[in-house]
Amino acid sequence: MPTILGFHDSPFDSGATLIKDGEILAAIHEERIARIKHCGGFPWRSIMEVLSISNVDPSEIDAVAVGFTQPDFIVQVLQRFFKSTSDLNPLNSKIDRYKLYAFEKYESVIHKNFLLGKIDTTSSNILLHHTLKKLGIKEKIERIDHHLCHASSAFYSSGFEKCLVITADARGDGISTSVNIANKNGIQRVSSSPESASMGHFYGGVTEVLDYGYADGEGKTEALAAFGNYSNAYEKLQSYISVDNLVLKGRMSPYQRLISVPFSKSLKSFKREDIAFAAQKILEETYSNLITNAIEETGITNIALAGGIFLNVKLNQKIMELPEVKDIFIHPAAGDTGISTGAAFALYSKMFGLKPKRWRHAYLGNEFSNAEIKNALDKFNCRYDYIVDIGSYVGEELLPRDYIIGWFQNRMEYGPRALGARSVLIDPRSSESPNKVRSTIKKRPVFQPFCPSMLKESEAKYILNQKNVDSSFMIMAFLAKQRMIDEAPSVVFIDSSTRVQTVDNRNNKRYYEVLKAFDKRTGVPIILNTSFNRSGEPIVCTPEQAIRDFKISKLDFLAIEDYLVKRKR
């Protein structure tokens, strides 16, 4: 049975995926192990972790797929010593502005000159071979186009026999958006849009103007938009982007990653929420128009999406609601964290053929035995109880009493959302629950919403999902029905939307038991679920990290496998 390692080696969101016989054995983000949010660089920790999780020896790997064809050798070397370009802020630091300018110049020169590009790629491959050899991996490296990786991650996890695949991010191998047709013959690119029309740079630039942080704070911009109104900021920003049939055209050049600099000058007289409103409206209109055009031209009504743009849940809701769209699937690791999976899928399909199979869960990370958990608890001198049916106990005895629970169970989630494996849970019935979460573990802005997990069988009672779109991955917003607004107000946003994760008994039995028990006790099959991490840090990965965050954040209880730890008061 062939085994393929896919990994993403870039300045941002590195990670690794291991596939055997067409099935994913493990996938993990480098940030979870390195403990640096969105960290890039060579993902040696992730590679070793997926091998360990899968019990695969490095010598068993048959092929290696890397998710870039344009590697940027100098950047790869520098990123091992300096922070990612996403951490640089041209509005706050002239030094950062000069660094980004130098990076953009390097990008433009190296990728337009054949000889320099060849030298760059050859040097990068030598570096990768040398590094992989140290890990005991000696197979040939095959580079896969960045947006083909995104497209592959979406198509091969969608279950669609035939669909349109749209990819969109800041940039990757020279483009920022692609439209593809995917079927049994593979993935065929129909159109691509240049970096000068990058909606990733566009939305990230606005986010930087709002001082939320490029490539990390876009969720805050998305939330703030709901509080804004139409203003002339819309016209100013709209002039930067347009849709021409299946291609986006834009005026991000020559700024690219520095686009926040002209934005900051032209938007300085507008209210923050109105700037966010304009950016969100343009984002939704742009991709709604592009996808409508693609459906009209191809006649294909099933849509698969990947790329960092599609972490925007309100955009995904707008696309779902397009009358032309029949069904939609968004890869749960839509950003660059999913590139390693897409690279592995693409190479496996090329070598052996691969049929799309619908993902029902994303629990692809590490897990720990009760013995390992007990050792960690003893190490930290924790007092704990062994609970035979901990899911039901948490749902029936603790959550209804307004306790806030750290929940660490089974295999860790793949992707940016906590899906009931590394989560913080609280009763959603009180409008004060979000404030309690903010005062303990999350320091997010008061306008940014929290999200619910819900029993799958109760979905129709609480949200509007007329197309019966899959909602397992908390990556799409839905309109909340009045019953949800009344019964679980803490997880409904100001615009009556809610970013739902539905849970069934097949894919996360223990988490399902929490919801089932809470429903039995309260009559509400919903709980507030946010990621188990302190602000600015990655989601917890190990028992030791969970115990540390539990103690520092002053959560009431930690449910960690079959053990329950109560906070000392």
Side-chain angles (χ1 to χ4, degrees), residues 363 373 384-385 387 389-413 416-442 444 449-456 458 462 472-474 484 487-492 498-505 507-535 539-540 543 545-547 549-567:
Y363 305 111
I373 298 294
Y384 52 84
D385 293 309
I387 307 295
D389 188 359
I390 198 166
S392 296
Y393 184 82
V394 166
E396 191 167 357
E397 300 297 332
L398 300 183
L399 286 174
R401 297 171 64 187
D402 203 32
Y403 290 124
I404 183 167
I405 315 294
W407 179 256
F408 186 103
Q409 304 288 331
N410 304 320
R411 295 187 69 176
M412 184 171 60
E413 306 93 337
R417 314 294 190 211
L419 301 172
R422 306 289 185 269
S423 292
V424 170
L425 312 177
I426 194 170
D427 188 335
R429 295 174 297 166
S430 169
S431 58
E432 286 302 308
S433 290
N435 290 333
K436 187 169 183 179
V437 176
R438 292 188 191 100
S439 67
T440 53
I441 194 166
K442 294 294 178 73
R444 63 170 60 176
F450 288 96
C451 305
S453 296
M454 175 192 302
L455 290 175
K456 177 66 177 176
S458 301
Y462 290 92
S472 303
F473 300 116
M474 204 180 272
M484 186 167 187
E487 295 183 6
S490 69
V491 291
V492 179
T498 183
R499 189 182 77 195
V500 171
Q501 174 207 3
T502 54
V503 181
D504 64 33
N505 198 29
N507 300 316
N508 192 333
K509 186 175 185 296
R510 183 164 281 186
Y511 192 41
Y512 178 87
E513 289 169 351
V514 177
L515 284 155
K516 197 72 175 175
F518 185 75
D519 182 30
K520 180 182 177 181
R521 178 72 177 269
T522 67
V524 178
I526 303 166
I527 53 180
L528 188 157
N529 167 20
T530 190
S531 56
F532 195 166
N533 63 289
R534 293 187 299 154
S535 297
I539 294 174
V540 296
Q545 291 157 11
I547 295 166
D549 278 14
F550 163 70
K551 289 189 171 185
I552 293 174
S553 302
K554 297 182 179 180
L555 303 178
D556 294 313
F557 288 91
L558 172 63
I560 181 165
E561 291 302 332
D562 290 323
Y563 295 101
L564 185 68
V565 188
K566 184 177 181 179
R567 176 164 65 94

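Atom set for the values below is all heavy atoms of this structure, side chains included, hydrogens, waters and symmetry mates excluded.
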**Study point:** Basic-acidic side-chain contact under 4.0 Å: K554, D549
**Key:** no

**Study point:** Salt bridge flag under 4.0 Å for residues R417 and E413
**Key:** no

**Study point:** Distance in Å, I390 CD1 paired with E397 CD, rounded so as to fall on 0.5 Å steps
**Key:** 12.5 Å

Review point. Is there a donor-acceptor pair under 3.5 Å between the side chain of N508 and the backbone N or O of G420?
Key: yes

Study note, to complete from the structure: When rounded to the nearest 0.5 Å, the distance separating CD1 of I426 from CG of L398 is 12.0 Å

**Study point:** L419 backbone acceptor or donor facing Y363 side chain under 3.5 Å
**Key:** yes

Practice item. To the nearest 0.5 angstrom, please state how far the CD1 atom of I527 sits from the CG atom of L399. Key: 6.0 Å

Check your understanding: Does G395 offer a backbone N or O that forms a donor-acceptor pair with the side chain of K516 under 3.5 Å?
Key -> no

Point to revise | Spacing of CG belonging to D385 relative to CG belonging to L564, to within rounding of 0.5 Å | key: 6.5 Å

**Study point:** From I539 atom CD1 to S531 atom OG, the distance as rounded to the nearest 0.5 Å
**Key:** 4.5 Å

Exercise for review: Could you tell me whether the side chain of T498 and the main chain of V491 form a donor-acceptor pair under 3.5 Å?
Suggested key: yes

Check your understanding: Is there a donor-acceptor contact under 3.5 Å from the side chain of K436 to the main chain of D402?
Key -> yes

Study note, to complete from the structure: What one should report as the nearest heavy-atom pair of Y462 and P525 is OH-CD, 3.3 Å

Review point. Minimum heavy-atom separation for I373 to Y563, with atom names?
Key: CG2-CD1, 3.7 Å

Review point. What are the two closest non-hydrogen atoms of L558 and F532, and how far apart are they?
Key: CD1-CE1, 3.7 Å

Review point. Quick one: are I552 and R534 in side-chain contact, heavy atoms under 4.5 Å?
Key: yes

Exercise for review: Answer yes or no: is there a donor N or O on one side and an acceptor on the other, between the side chain of S430 and the main chain of E432, under 3.5 Å?
Suggested key: yes

Review point. Have E513 and S392 got a donor and an acceptor in their side chains that come within less than 3.5 Å?
Key: no

**Study point:** Non-hydrogen atoms of F408 and A546 that approach each other most closely
**Key:** CD1-CB, 3.6 Å

Point to revise | L455/D519 under side-chain contact (heavy atoms from CB on, under 4.5 Å): CA gap, chis, key distance, verdict | key: CA-CA 9 Å; L455 290 175; D519 182 30; 3.9 Å; yes

Point to revise | Flag, side chain of N529 to backbone of S423, donor-acceptor distance under 3.5 Å | key: no

Practice item. Look at the side chain of D427 and the backbone N and O of R429, then say whether any donor-acceptor pair between them is shorter than 3.5 Å. Key: yes

**Study point:** Cation-pi, F450 ring and R438 (6.0 angstrom, 45 degrees)
**Key:** no

Practice item. May I ask you to decide whether R510 forms a salt bridge with D562, counting only side-chain N to carboxylate O separations under 4.0 Å? Key: yes

Point to revise | Cation-pi check, R567 onto F557 ring (under 6.0 Å, within 45° of axis) | key: no

Practice item. Let me see the working for I405 and V424 under side-chain contact (heavy atoms from CB on, under 4.5 Å), right down to the final yes or no. Key: CA-CA 6 Å; I405 315 294; V424 170; over 6 Å; no

Check your understanding: Going by heavy atoms in the side chains, are S490 and P434 under 4.5 Å from each other?
Key -> yes

Check your understanding: How close do P489 and S431 get, heavy atom to heavy atom, and via which atoms?
Key -> CG-N, 4.4 Å

Check your understanding: Shortest non-hydrogen contact from A559 to Q409?
Key -> O-NE2, 3.1 Å

Check your understanding: Any chance NZ of K551 has more than 12 other-residue heavy atoms, nucleotides or ligands included, within less than 6.0 Å?
Key -> yes

Practice item. Please step through side-chain contact (heavy atoms from CB on, under 4.5 Å) for the pair S535 and R444, ending with a clear verdict. Key: CA-CA 7 Å; S535 297; R444 63 170 60 176; 5.5 Å; no

Practice item. Measure the spacing between CD1 of I404 and OG of S553 and express it to the nearest 0.5 Å. Key: 8.5 Å

Point to revise | Donor-acceptor pair between K456 and S472 side chains, under 3.5 angstrom | key: no

Exercise for review: Using modelled atom types only, decide if a donor and an acceptor are shared between the side chain of T440 and the backbone of V437 within a distance under 3.5 Å.
Suggested key: yes

Practice item. Under the side-chain contact (heavy atoms from CB on, under 4.5 Å) rule, what do M484 and I526 come out as? Steps first, then yes or no, please. Key: CA-CA 9 Å; M484 186 167 187; I526 303 166; 4.2 Å; yes

Check your understanding: Would you say N410's side chain and A421's backbone share a donor-acceptor pair under 3.5 angstrom?
Key -> no

